[in-house]
Amino acid sequence: MSKRDLQHWIKVGQQMTAERSKKIKIAKTRKFDTVAVHGLYDLQTALESNGGSIMEPTYLSTAQAYENSAEMEAGLSYQMPNWCYSRIANPSNFFLEETTALLETYGTDIEASCCATASGMSAIKTATDPFLVIDDKLGPMNFVASAKVYGGSFQQFWIRRREEQGIEVRWVKNPTDLNEWASLIDENTRFVYGEFPSNPTVDIFDIEKVADLAHENGIPLIIDATCASPALTRPLEFGADIVVQSATKVMATNGTTIVGLMTARKNIVSKVGSDEMKADFAIWAKLWPYRDNGPGLHPMGAILTLNDMRTLRSRMAQMSETAMTVSKWLEKHPKVDRVFYPGLESYHAHDLAKKYMKLVDSDKNAYGFMLLVEIKEENDDDSVNARKFYDGLEMTWRATDLGRVKTVATLNAISTHQQQGEEGRALASLKPNAIRIAVGMENVEDIIADFEKALDAI
Ligand SMILES: *Cc1c(COP(=O)(O)O)cnc(C)c1O
């Protein structure tokens, strides 16, 4: 067969796919850290196609060239793996996506694919858009979501979806209450959505039970697991269909990149969409709506994220230990009203946290880097002391950010949750004296010393 023949390139494509499956199989036998470090990029790939570089390719290139028209035809009809144009795919993004799919399905035989996007918000949009399509056979659509979600997600659902598109959003006010989830789902519900744990109130829910509820109703469960990361909680393992990450946070921990990751298991259930969509949601999304809508991630962002992800597990271990120590210390402090951290005995769903939050490849629980602290005030709606504490921080960064190697504190009512108004903040159970703390990789003694000084300033 000649290289001028379409069939030749289709055959090359089949060999590439078989080779890739072999590499995935090998990666599946390895431990989490090893997968995070190597993914699918090995010596053979480096020597054959990347000049021997020990780093994955970073081609700052908009497009790929083809040897001839037959290769182009095979590539653009998706009959041969290729990257074509960086709005659709790029080698750096490919390695990030493959590593993520492996980490999100780690320790299981679940098959999944991943689609990297330009932000966590666009990952959420890419994950939810395909279910919010017009279908004349169905009634007016709604979706059911935990009210304990990131401020940006609240805005995307409440303003963009509801106000601008007229899609009904049904909030679950208490996500640990299964009856509430169940009572809101009906035949017009397109998907169920939750955050685990939620930002900033660190709320959780029973993933398995909510997944069962969704599936009994023929709809998928979508989970944003940004604040757990696959090093602690892998929702697909517990029955979720799609998991999104704002990889901007702890995955790309050094704070250089805004990036989203959407990973979906194969063969999901849905009331709408084609068989092709349900068979491999993330790849389908990438080849069609993502291509047409253009939320693609820049390859530089992909490579920076991949680099940071290599040490995800050890950072999550260290950060979780630090957050636990800090939470216990704050909880005992006389100027502190309450501390929310899933690892504390006082946490309202501690048993659920124990079930779902474990450091991968260990038998130890680990509860993540994020906690919420409410400072004692004279009156219930005050933030006087909270602001004194906040403004007194010297080492800790005052910023709307989290998951960094550097400790960051956020006064949420005036920042991430400012636009939601009183009603939205009440729905999120976010008080004006609440401060979100995302511990970093500093020595815990220095973090506590900084907090102690700031609390003394009250
Ligand atoms: C930050 C965040 C997002 C949004 O991600 P971006 O990368 O900032 O777009 C979504 N969900 C959670 C839980 C987040 O913390």
Side-chain angles (χ1 to χ4, degrees), residues 93 96 100 104 114-129 145-161 175 193-205 207 222-233 235 240 242-263 290 293 295-298 300-302 304-305 308-309 316 319 323 340 342 357 367-372 397 399-404 408-410 412 415-420 424 428-430 434 436-440:
N93 300 41
L96 171 65
T100 304
E104 292 285 10
C114 171
C115 173
T117 62
S119 68
M121 291 323 301
S122 62
I124 295 168
K125 186 135 192 310
T126 305
T128 53
D129 266 347
S146 168
K148 305 296 183 338
V149 291
Y150 173 67
S153 309
F154 182 92
Q155 294 289 115
Q156 188 180 103
F157 292 170
W158 199 239
I159 309 300
R160 309 275 92 83
R161 295 302 194 189
Y193 187 95
E195 219 171 83
F196 192 103
S198 70
N199 173 7
T201 54
V202 221
D203 269 284
I204 60 172
F205 58 91
I207 301 174
I222 304 170
I223 292 186
D224 177 342
T226 296
C227 298
S229 92
L232 300 190
T233 308
I242 300 171
V243 54
V244 293
Q245 301 281 350
S246 165
T248 308
K249 309 295 166 50
V250 76
M251 293 176 94
T253 193
N254 285 302
T256 55
T257 310
I258 300 287
V259 47
L261 294 165
M262 177 195 77
T263 309
Y290 174 94
N293 293 327
L297 173 66
H298 191 280
M300 196 68 192
L304 290 169
T305 305
D308 279 3
M309 271 165 58
M316 281 306 270
M319 285 170 157
F340 299 88
M357 304 184 82
Y367 301 99
F369 54 82
M370 192 172 76
L371 53 116
L372 189 76
W397 295 89
T400 56
D401 206 358
L402 66 146
R404 297 286 150 258
V408 176
T410 311
N412 294 87
S415 55
T416 59
H417 282 68
Q418 180 168 178
Q419 289 167 14
Q420 275 82 310
S429 309
L430 191 72
R436 178 184 69 199
I437 290 164
V439 304

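Sequence positions, counted from 1, serve as the residue numbers for this chain. In listed order, ligands and their atoms are each counted from 1. Since the model is a prediction, treat every value here as computed from it, not as a measurement.
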Cys114 SG to Ile242 CD1 distance, which is reported to the nearest 0.5 Å: 11.5 Å
All side-chain contact (heavy atoms from CB on, under 4.5 Å) counterparts of Thr416, not counting sequence neighbours: Thr400, Thr410, Asn412, Arg436
With Arg404 via side chain to side chain donor-acceptor pair (under 3.5 Å) - residues at least two apart: Asp401
Residues which pass salt bridge (Lys or Arg N to Asp or Glu O under 4.0 Å) with Lys249, listed by chain and number, not counting sequence neighbours: none
Heavy-atom closest pair, residues Val202 and Pro342: CG1-CD, 3.4 Å
Using a 3.5 Å cut-off on N/O to N/O, what pairs does ligand 1 make with the protein? A line per pair would be great.
from	atom 1	to	atom 2	distance (Å)
ligand 1	5 (O)	Ser246	OG	2.9
ligand 1	7 (O)	Gly120	N	2.8
ligand 1	7 (O)	Ser246	OG	2.9
ligand 1	7 (O)	Thr248	OG1	2.6
ligand 1	9 (O)	Gly120	N	3.0
ligand 1	9 (O)	Met121	N	3.0
ligand 1	11 (N)	Asp224	OD2	2.6
ligand 1	15 (O)	Asn199	ND2	2.8
ligand 1	15 (O)	Lys249	NZ	2.7

Under 3.5 Å: donor-acceptor pair, side chain of Thr248, backbone of Val259: yes
